[in-house]
Each structure stands twice: as structure tokens, then as C-alpha cells.
Amino acid sequence: MLSEPRSGRLAAWGNALLAGLVSPDDAVVAMVGEDAVHRVGGLPGETGPVGLSLALGRLRTLGVTGLRVALPAPGHPLGLSGPPEFNARALEAGEAVVCHGAALGLVPEVHEAGPEGDVHAEVLWHCLPVREAPPADVPSLGEAERELAEALREATDVLSRLDVAGSGPVAEAAVDAYRARAERDGEVLAPGYPPRAVRVLALSGRVGLLVSLAYGTGHGGAVSASEIAARAEALRPVERTARRAQVAAYNAFVEERERGAR
């Protein structure tokens with residue numbers, strides 16, 4: 001299943017904070033989540049790493065009005081705009097936050113410590129220069145929703161044809177559990193996001209769940225190497241569609257504000 005990326009939490013609640021829709025304390029609690037602490041290093045005007053609240057205040061003074069998410073993968077610079085140095089750091093981390101209104105971006109570096117069962121994570125966000133250009137391959141919310149509906153059908157069909165166990169009752173039960181958990185936990189984004197973004201993010205999670213079930217159920221009926229390769233090849237575009245939709249949902253806050261300003 002597509003997990004909630006740290007960049008998604010930072011962008012969503014950072015956008016709500018920049019818009020004055022939440023308090024700094026509430027935003028920081030939501031952005032840190034289950035991690036121990038988050039700090040931001042390399043900020044212009046700061047001599048060392050600072051906390052999230054101070055960092056977002058500094059970004060605001062530098063002209064930042066919104067935050068976008070990038071979730072790049074090898075061969076797919078999703079949400080990035082360059083330069084190559086920033087793209088390489090973001091690809092290594094698998095995620096990044098790109099500022100709107102100032103040519104800056106944030107890439108997380110995660111350090112984990114503690115005994116098994118009691119591991120805590122400390123995150124240092126590196127602030128780096130970015131190129132001011134449209135993000136790569138990010139669809140609109142409408143496009144993402146249409147693509148996801150098709151991807152959900154494709155994923156189910158592919159898993160059935162390849163005789164993967166996750167395509168039947170196991171997948172249905174997992175999706176039902178995912179839906180129930182999402183409804184119990186309430187809104188999965190931050191205040192100020194359009195309902196369609198919440199819906200697209202939830203649907204991307206369901207599609208990602210089917211993909212993870214496919215990879216996590218062994219070989220199913222795909223007993224030959226060629227069949228296993230066929231499964232991976234068939235699922236790759238489905239997983240890419242889910243990631244594109246995930247980025248579109250997180251970035252909807254900035255996109256809607258841009259449209260309203262025109």
C-alpha cells in the first residue's frame with residue numbers, strides 16, 4: 001500500500017499553516033506524526049538546523065506561499081523540476097517538498113535509533129535550491145481520479161489473469177479494512193483541501209494496496225519466471241498511476257490557490 005509520505009504530511013499541514021487555517025502547534029504535531037523530532041537545516045538566514053515552526057515562518061518571509069510534494073522513482077522524476085543535484089537527492093530519499101513562491105526545496109534525511117520494538121526516527125530536512133519550473137508529470141485532480149478508476153479495474157483484472165491470491169476475497173477484505181480505517185480516522189489531509197483531493201488520496205491508497213498485495217502474496221499461480229516478470233510489468237504502470245494521483249492530491253491546495261489568483 002502507498003504509505004503516507006513524510007513529505008505529504010509536511011506539505012499538507014504546512015499549507016494549512018501558511019494559509020492561517022491551523023495553529024503552529026497543531027501543524028507541527030501533525031507533521032511530525034510518530035517520529036521523535038523534525039528539524040530543517042540549510043535555511044537561508046539560519047546558521048544551523050531549526051524546528052519546523054520556525055522553519056515555516058522563515059520560509060514565509062522568504063516568499064513561500066505553498067508547498068508541493070514530489071515522489072520520484074527511478075526513471076520517473078514525479079513532481080521534480082531540477083536542478084540535477086536536487087533531483088538526485090530527492091530520488092535517493094524517494095520524496096521531497098518543493099516550495100511555491102521561492103526557489104527552494106526540502107529533502108528528508110531520516111535517522112533511526114533505539115532497540116527493536118522501540119525505534120524512534122529523527123528527521124533532518126535539507127533546504128536546497130530548486131529550479132522554478134512546472135513539476136514533472138503531475139496530473140490535475142480530475143485526470144488523476146479518472147486514471148485511478150481505470151487503474152483499479154486494471155489491477156484487479158491483471159491479478160485475476162495472473163492467478164494471484166490477492167485478487168479475490170483477500171484483496172476485497174483488505175480494501176474493506178482500509179476503507180473502514182480511513183473513515184474511522186477521518187480527514188486524511190489538512191484543513192483547506194478540497195473534498196476531491198481527499199477522495200483521490202484515499203483511492204490512490206486503495207490502488208496501492210492492491211499492488212502491495214500482489215507483491216506480498218508470493219508467486220500465486222505465476223510459477224514461471226516469465227509469468228512473474230509479466231506480473232511486475234503489468235503492475236508497474238498501475239503503481240505509477242497511484243503515485244501520480246497521490247502527488248496530485250497533496251498538491252491540490254497550491255493548484256487551487258493558483259487558479260483562484262488568476
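In what follows, residues are counted from 1 in the order of the sequence shown.
The two residues Leu21 and Gly192 come nearest to each other via the heavy atoms CD1-CA, 3.6 Å. When all heavy atoms are compared, the tightest approach of Phe253 to Ala19 is CZ-CB, 3.7 Å.
Using a 4.5 Å cut-off between side-chain heavy atoms of Ile, Leu, Val, Met, Phe, Trp and Tyr, Val119 forms no hydrophobic cluster with any other residue.
Glu255 places no side-chain N or O within 3.5 Å of a backbone atom of Ser140 that could act as its donor or acceptor partner. Listed for the Ser53 side chain is no donor-acceptor partner under 3.5 Å among the backbone atoms of Pro24. A donor-acceptor pair under 3.5 Å is formed between the side chain of Arg39 and the backbone N or O of Pro49. Of the possible donor and acceptor atoms, none in the side chain of Glu109 sits under 3.5 Å from a partner among the backbone N and O of Leu124.
Under 4.0 Å is where a charged nitrogen must lie from a carboxylate oxygen, and between Arg199 and Glu145 at least one such pair does. Using a 4.0 Å cut-off between charged nitrogen and carboxylate oxygen, Arg153 and Glu150 count as a salt-bridge pair. In summary, Arg243 and Asp137 do not engage in a salt bridge, as defined by a charged side-chain N under 4.0 Å from a carboxylate O.
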TODO: Run the numbers on Leu18 and Thr65 for side-chain contact (heavy atoms from CB on, under 4.5 Å), then give the verdict.
DONE: CA-CA 7 Å; Leu18 290 170; Thr65 58; over 6 Å; no

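The number of heavy-atom neighbours closer than 6.0 Å to CD of Glu46, taken from other residues, nucleotides and ligands shown, is above 12.
Between the side chains of His120 and Glu112, not a single donor N or O lies within less than 3.5 Å of an accepting N or O. One side chain, Tyr193 or Asn15, offers a donor N or O that lies under 3.5 Å from an acceptor on the other.
Counting only heavy atoms from C-beta outward, the side chains of Pro108 and His38 never approach each other to under 4.5 Å.
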